[in-house]
Amino acid sequence: MNKPTFATLWLDGCSGCHMSFLDIDENILEILNLVDIVYSPIVDIKEFPQNVDFTLVEGAVNTIEDVNKIEEVRRQTKTLIAFGDCAVTGNVPSLRNPFGKENTIKMAYPEEIMNFFKDGGLPEHLPKALPLNKVVDVDYFIPGCPPPANAIFEILKELISGSVPIATEWTRFGR
Ligand code: SF4
(Lines give C-alpha, C1' and ligand atoms only; values in the text may rest on other atoms or scores of the structure.)
Protein backbone atom coordinates (compact mmCIF):
# COMPACT_ATOMS: atom_id res chain seq x y z
CA MET A 1 0.00 0.00 0.00
CA ASN A 2 1.23 3.50 -0.84
CA LYS A 3 2.29 5.67 2.08
CA PRO A 4 0.53 9.02 2.59
CA THR A 5 2.31 11.97 1.02
CA PHE A 6 3.73 14.77 3.15
CA ALA A 7 4.94 18.28 2.32
CA THR A 8 6.28 21.28 4.20
CA LEU A 9 6.09 24.85 2.93
CA TRP A 10 8.07 27.90 4.02
CA LEU A 11 6.22 31.19 3.62
CA ASP A 12 7.13 34.33 5.59
CA GLY A 13 8.96 32.82 8.56
CA CYS A 14 12.53 32.69 9.83
CA SER A 15 12.94 28.92 9.16
CA GLY A 16 13.03 28.31 12.93
CA CYS A 17 9.95 26.09 12.69
CA HIS A 18 11.66 23.92 10.05
CA MET A 19 14.77 23.83 12.26
CA SER A 20 12.60 22.57 15.13
CA PHE A 21 11.15 19.92 12.79
CA LEU A 22 14.70 18.77 12.02
CA ASP A 23 15.35 18.71 15.79
CA ILE A 24 13.16 15.62 16.06
CA ASP A 25 16.53 13.99 15.22
CA GLU A 26 16.41 10.23 14.69
CA ASN A 27 12.60 10.27 15.00
CA ILE A 28 12.58 11.64 11.46
CA LEU A 29 13.26 8.03 10.42
CA GLU A 30 9.96 7.04 12.00
CA ILE A 31 8.20 9.83 10.08
CA LEU A 32 9.92 8.67 6.88
CA ASN A 33 8.59 5.16 7.52
CA LEU A 34 5.07 6.56 7.67
CA VAL A 35 5.07 9.04 4.74
CA ASP A 36 6.70 9.97 1.45
CA ILE A 37 8.07 13.54 1.56
CA VAL A 38 7.02 15.04 -1.78
CA TYR A 39 7.87 18.74 -1.30
CA SER A 40 9.85 20.71 1.29
CA PRO A 41 12.84 23.05 1.68
CA ILE A 42 14.65 19.94 2.92
CA VAL A 43 14.18 18.05 -0.39
CA ASP A 44 15.00 19.25 -3.88
CA ILE A 45 11.60 19.26 -5.60
CA LYS A 46 10.59 22.49 -7.34
CA GLU A 47 6.86 22.04 -8.09
CA PHE A 48 4.22 21.45 -5.46
CA PRO A 49 2.59 18.12 -6.42
CA GLN A 50 -1.10 17.26 -6.70
CA ASN A 51 -3.13 15.44 -4.01
CA VAL A 52 -0.81 15.79 -1.05
CA ASP A 53 -2.16 14.20 2.13
CA PHE A 54 -0.49 16.43 4.75
CA THR A 55 1.19 19.83 4.45
CA LEU A 56 2.88 21.72 7.29
CA VAL A 57 3.07 25.45 6.56
CA GLU A 58 5.56 27.73 8.32
CA GLY A 59 5.22 31.50 8.18
CA ALA A 60 2.62 34.21 7.65
CA VAL A 61 1.09 35.28 4.34
CA ASN A 62 2.89 38.52 3.56
CA THR A 63 2.99 39.00 -0.22
CA ILE A 64 0.85 38.38 -3.31
CA GLU A 65 3.24 35.55 -4.14
CA ASP A 66 2.48 33.98 -0.73
CA VAL A 67 -1.27 34.22 -1.41
CA ASN A 68 -0.92 32.49 -4.77
CA LYS A 69 1.28 29.80 -3.26
CA ILE A 70 -0.90 29.02 -0.25
CA GLU A 71 -4.08 28.96 -2.38
CA GLU A 72 -2.46 26.45 -4.73
CA VAL A 73 -1.15 24.38 -1.81
CA ARG A 74 -4.61 24.41 -0.17
CA ARG A 75 -6.19 23.16 -3.43
CA GLN A 76 -3.71 20.28 -3.56
CA THR A 77 -3.67 19.34 0.16
CA LYS A 78 -6.12 17.20 2.13
CA THR A 79 -4.91 18.18 5.63
CA LEU A 80 -3.30 21.60 5.98
CA ILE A 81 -1.49 22.38 9.23
CA ALA A 82 -0.51 25.90 10.33
CA PHE A 83 2.94 25.29 11.76
CA GLY A 84 4.26 27.77 14.34
CA ASP A 85 3.05 31.12 15.60
CA CYS A 86 3.75 33.08 12.38
CA ALA A 87 1.35 30.77 10.51
CA VAL A 88 -1.11 30.55 13.43
CA THR A 89 -1.36 34.24 14.47
CA GLY A 90 0.87 36.30 12.14
CA ASN A 91 3.42 36.70 14.99
CA VAL A 92 6.69 38.43 13.92
CA PRO A 93 5.75 39.33 10.30
CA SER A 94 2.54 40.99 11.56
CA LEU A 95 4.51 43.42 13.76
CA ARG A 96 4.58 45.66 10.70
CA ASN A 97 0.78 45.86 10.51
CA PRO A 98 0.19 48.91 12.77
CA PHE A 99 2.69 51.00 10.75
CA GLY A 100 1.21 50.48 7.27
CA LYS A 101 2.86 48.88 4.27
CA GLU A 102 4.48 51.96 2.73
CA ASN A 103 5.92 53.21 6.04
CA THR A 104 7.33 49.80 6.86
CA ILE A 105 8.99 49.46 3.47
CA LYS A 106 10.44 52.98 3.84
CA MET A 107 11.78 52.14 7.33
CA ALA A 108 13.19 48.77 6.27
CA TYR A 109 14.81 49.76 2.98
CA PRO A 110 16.92 52.91 2.51
CA GLU A 111 16.51 54.79 -0.77
CA GLU A 112 19.54 53.23 -2.43
CA ILE A 113 18.15 49.75 -1.78
CA MET A 114 14.74 50.79 -3.14
CA ASN A 115 16.47 52.08 -6.28
CA PHE A 116 18.00 48.66 -6.67
CA PHE A 117 14.52 47.10 -6.38
CA LYS A 118 12.75 49.61 -8.61
CA ASP A 119 12.56 47.24 -11.58
CA GLY A 120 10.37 44.81 -9.71
CA GLY A 121 12.80 43.02 -7.41
CA LEU A 122 10.81 43.69 -4.23
CA PRO A 123 7.84 41.31 -3.90
CA GLU A 124 4.41 42.98 -3.84
CA HIS A 125 3.46 43.08 -0.16
CA LEU A 126 -0.09 42.78 1.15
CA PRO A 127 -1.39 45.74 3.21
CA LYS A 128 -0.99 43.47 6.29
CA ALA A 129 0.82 40.23 7.06
CA LEU A 130 -1.87 37.60 7.73
CA PRO A 131 -2.11 34.28 9.54
CA LEU A 132 -2.96 31.37 7.26
CA ASN A 133 -6.57 31.03 8.34
CA LYS A 134 -7.33 34.56 7.10
CA VAL A 135 -6.50 33.37 3.58
CA VAL A 136 -7.36 29.65 3.38
CA ASP A 137 -9.08 27.00 5.49
CA VAL A 138 -6.72 25.43 8.02
CA ASP A 139 -7.32 21.98 9.46
CA TYR A 140 -4.93 22.01 12.42
CA PHE A 141 -2.79 24.52 14.29
CA ILE A 142 0.53 23.80 15.98
CA PRO A 143 1.44 26.97 17.92
CA GLY A 144 4.84 27.84 19.37
CA CYS A 145 7.79 30.00 18.31
CA PRO A 146 8.98 27.53 17.29
CA PRO A 147 6.80 24.58 18.30
CA PRO A 148 8.89 22.15 20.38
CA ALA A 149 10.37 19.25 18.43
CA ASN A 150 8.73 16.56 20.58
CA ALA A 151 5.28 18.17 20.12
CA ILE A 152 5.80 18.26 16.33
CA PHE A 153 6.78 14.61 16.31
CA GLU A 154 3.89 13.42 18.49
CA ILE A 155 1.27 15.47 16.63
CA LEU A 156 2.52 14.35 13.20
CA LYS A 157 2.58 10.72 14.28
CA GLU A 158 -1.02 10.94 15.50
CA LEU A 159 -2.26 12.78 12.42
CA ILE A 160 -0.52 10.48 9.96
CA SER A 161 -1.80 7.37 11.73
CA GLY A 162 -5.34 8.72 11.48
CA SER A 163 -5.91 9.65 15.13
CA VAL A 164 -6.84 13.08 16.37
CA PRO A 165 -3.77 14.43 18.22
CA ILE A 166 -3.99 14.19 22.00
CA ALA A 167 -3.49 17.96 22.37
CA THR A 168 -6.86 18.44 20.70
CA GLU A 169 -7.65 21.81 22.26
CA TRP A 170 -4.52 23.58 21.12
CA THR A 171 -4.22 21.99 17.71
CA ARG A 172 -7.81 22.77 16.69
CA PHE A 173 -8.37 26.25 18.15
CA GLY A 174 -9.56 28.87 15.75
CA ARG A 175 -11.06 26.37 13.35
S1 SF4 B 1 7.01 30.97 14.62
FE2 SF4 B 1 8.97 31.72 15.43
S3 SF4 B 1 10.45 30.17 14.81
FE4 SF4 B 1 8.61 29.87 13.51
S5 SF4 B 1 8.98 31.10 11.67
FE6 SF4 B 1 7.88 32.41 13.11
S7 SF4 B 1 9.50 33.54 14.21
FE8 SF4 B 1 10.48 31.79 13.23
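This one's a predicted model, so the numbers in the text were calculated from it and none came from an experiment. Residue numbers count from 1 along this sequence. Counting convention: from 1, in listed order, for ligands and their atoms alike. For the numbers below, each heavy atom of this structure counts, side chains included, while hydrogens, waters and symmetry mates do not.
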Determine the interplanar angle of the F6 and F21 rings, folded into 0 to 90°, and report it as parallel if under 30°, tilted if 30 to 60°, perpendicular if over 60°.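 Judged by the thresholds at 30° and 60°, the geometry between F6 and F21 is tilted.
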Parallel, tilted or perpendicular: rings of H18 and W10 (30°, 60°):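 W10 vs H18 ring planes: tilted.
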Answer with yes or no whether the side chains of D53 and T5 bring together a donor and an acceptor at under 3.5 Å.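 Result is yes, a qualifying pair exists.
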Only heavy atoms of [X], strictly under 4.0 Å: list the atoms of ligand 1 that pass.
X	answer
G16	3 (S)
N91	1 (S), 2 (Fe), 6 (Fe), 7 (S)
E58	5 (S)
P146	3 (S)
G13	5 (S)

Nearest non-hydrogen protein atom, [atom]:
atom	value
atom 8 (Fe) of ligand 1	C14 SG, 2.3 Å
atom 2 (Fe) of ligand 1	C145 SG, 2.4 Å
atom 4 (Fe) of ligand 1	C17 SG, 2.3 Å

I'd like to know if E72 pairs up with R75 as an ion pair, taking the criterion as any Lys NZ or Arg NE/NH1/NH2 lying under 4.0 Å from an Asp or Glu carboxylate oxygen.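 A salt bridge is present here (some side-chain N lies under 4.0 Å from a carboxylate O).
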If you measure from each heavy atom of G144 to ligand 1, is any distance below 4.0 Å?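 Checking ligand 1 against G144, which is what was asked, there is a heavy-atom contact under 4.0 Å.
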Would you indicate which of D12, I142, D85 comes nearest to atom 1 (S) of ligand 1 when only heavy atoms are counted?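 Of the listed residues, D85 has the closest heavy atom.
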Might you confirm whether atom NZ of K101 has over 12 heavy atoms from other residues, nucleotides or ligands at distances under 6.0 Å?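 Above 12, so yes.
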Does a sphere of radius 6.0 Å around NZ in K3 hold more than 12 heavy atoms from other residues, nucleotides or ligands, not counting ones at 6.0 Å or beyond?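 Correct, the count exceeds 12.
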I'd like to know if the side chain of D85 and the backbone of P143 have a donor-acceptor N/O pair within less than 3.5 Å.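 Judged by distance alone, no pair lies under 3.5 Å.
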Is a side-chain donor or acceptor of D66 paired with a backbone partner of T63 at a separation under 3.5 angstrom?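 Between the backbone of T63 and the side chain of D66 there is a qualifying donor-acceptor contact (under 3.5 Å).
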Let me check your reading of the structure: within less than 2.8 Å of atom 6 (Fe) of ligand 1, is there an N/O/S atom from C86?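 True for C86.
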